[in-house]
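Down below is the structure, laid out as structure tokens.
Chain naming here is simple, since letters A, B, ... match the order of the sequence lines and numbering starts at 1 in each.
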There are 2 protein chains.
Amino acid sequence: MVIERATYKDHVIKYIYNGMQENRYKAGDKILESHLAKELGISRAPIREALADLVRSGLLEYRPQVGNFVAILTPQEIIDSYVARGVLEGFAVAQGINNFDGDDLQRLEDMARKMEDYAQKGKRKALIDIGQKFHEELFSHCTNSQVVLFTEQLSLKLHLLFYKHWARVYAPEEIRDRHLEIIDVIRKGDSVKVEMMIRNHYIDTGHKVVEQERKT
Amino acid sequence: MVIERATYKDHVIKYIYNGMQENRYKAGDKILESHLAKELGISRAPIREALADLVRSGLLEYRPQVGNFVAILTPQEIIDSYVARGVLEGFAVAQGINNFDGDDLQRLEDMARKMEDYAQKGKRKALIDIGQKFHEELFSHCTNSQVVLFTEQLSLKLHLLFYKHWARVYAPEEIRDRHLEIIDVIRKGDSVKVEMMIRNHYIDTGHKVVEQERKT
DNA sequence: TAAATGTATAATGTCGACATTATGCCAGCG
DNA sequence: CGCTGGCATAATGTCGACATTATACATTTA
């Protein structure tokens, strides 16, 4: 594979990330700098920077003087990540709950129904894409840059699990209802309740994803 | 300055961090890789890794093809950071509230009183150290690794502001009382109240720190 | 005089090579 | 037969140099 141009680091990150999505890199695998360098036809310097970035994202683990390994997510870590996501998103929505107008709510509702549709038709990629858009919309009214930042960091990690399991975790109607439920509470402007609800949603999801992982 | 041994990156991070604490690196300053390399007598490779880490922590900002700059914290970012910290610590304590035993509470109380003492005597460094220990103790019963991780990331950033202003933000008795208040609620096992209280504490502190910054 | 353009400088991005260290294998010994 | 220790291999950590790009300054032109 030949890369075109524009700071190699980002290309390398994407390359590895895709590899993880396609399961060419499996949990626990060692990542060899020199192999990547040969594969991509570049030197080790930008490779190392990319690896360091992925370590910071939690997708790789780094052992000094030894190397980088694809992170092994324990069930507990998976649950912790979902719980943390719930805490952040719960706060984000609660904090900006009064900034949702009718249009926003309508858009969210449309998305929830589309999700049901895609889920029923087995369009996994479309389902995941719109699921992400839904949560982006939820975050769009959160003005706390730090909370948004942390959530983005988490997303990178969770999206991999998401990608593997999420479409199978809930039944189509369940997906729709769970999201509609949240929209309703936002409409009512109940910030306390929406925060609890989102937290619980992610706690449930975390446990179900762990269940799915166990079956692997 | 000559560094001894053991992966240079960490030394460089500490070196820059100290420089920021001592205000030798000021907000907006450009960090030149080659200068650091000369100063520390090492090559640019480990320097670059350290800089990338500091970017990740939010202490530096990075502009591609241009360089790294000491981050300029806007008032809003400062407040956001404190709010985020409050959300995380509030959750952490609430989540592990039942794991505090009598000894823990006693230790916390001792620390709160020591803080008052140090504050009165103007021992700023001791005050800050014990303040950090207090919050570490609060986090010690949180089992969510992800929440702990985010908090550590934030700490690096907030500690700099802490270091500059925190000792002046509250009166000695106020410091004591604010912390005792939290301990009381933990003792009662009221997870909802303690979460709210900690959040509010950080909201207050954030605003006061911004006030202090403005006076700079 | 002010704006635009070209040029010089110096920084970052990338490279290939060397130094150092972890790991697996094999021989020697108890 | 199992264990210990050294050796070979191959990876990471670090280096110095070159290529590329951003920035400041000088020069030209309207």
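- Between A/K125 and A/D129, at least one side-chain nitrogen of the basic residue sits less than 4.0 Å from a carboxylate oxygen of the acidic one, meeting the salt-bridge criterion.
- Backbone-only contact: A/I31 has heavy atoms under 4.0 Å from sugar-phosphate atoms and none from a base.
- Sequence order on DNA chain C of the closest nucleotides to A/A45 and A/V66 puts A/A45 first from the 5' end.
- Under a 4.0 Å N-O distance rule, the pair A/D110/A/R107 does not qualify as a salt bridge.
- Atoms CZ (B/R48) and C1' (D/dC15) sit 14 Å apart, rounded to a whole Å.
- D/dA11 atom C1' lies 13 Å from atom NZ of A/K38, rounded to whole Å.
- Set against D/dG16, C/dT12, C/dT14, the side chain of B/L32 has C/dT12 as its closest nucleotide.
- One can place NE2 of B/H35 at 10 Å from P of C/dA10, the figure rounded to the nearest angstrom.
- Using a cut-off of 4.0 Å between Lys/Arg side-chain N and Asp/Glu carboxylate O, A/R24 and A/E39 are scored as not salt-bridged.
- A sub-4.0 Å separation between OP1 or OP2 of C/dG13 and a side-chain N or O of B/Y62 is present.
- Taking atom NZ on A/K30 and atom C1' on D/dT12, their separation rounds to 8 Å, with Å as the unit.
- In this entry the distance linking CD1 of A/I42 with C1' of C/dC15 reads 11 Å, nearest Å.
- Remark: B/S43 is in phosphate contact with D/dC15, judged by side-chain N or O atoms under 4.0 Å from OP1 or OP2.
- The interatomic distance linking B/L51 (CG) with C/dA11 (P) rounds to 14 Å, in whole Å.
- With rounding to whole Å, A/R44 atom CZ is found 12 Å from C/dT20 atom C1'.
- Residues B/K133 and B/E137 are not paired through a salt bridge, judged by the lack of any N-O separation under 4.0 Å between the basic side chain and the carboxylate.
- Rounded to an integer number of Å, the gap from A/N68 CG to C/dA22 P is 15 Å.
- Taking the six-membered ring where the residue is Trp, B/H179 and B/H201 present perpendicular rings, their angle passing 60° and hence far from 30°.
- For D/dT23, the OP1/OP2 oxygens have a side-chain nitrogen or oxygen of B/R63 closer than 4.0 Å.
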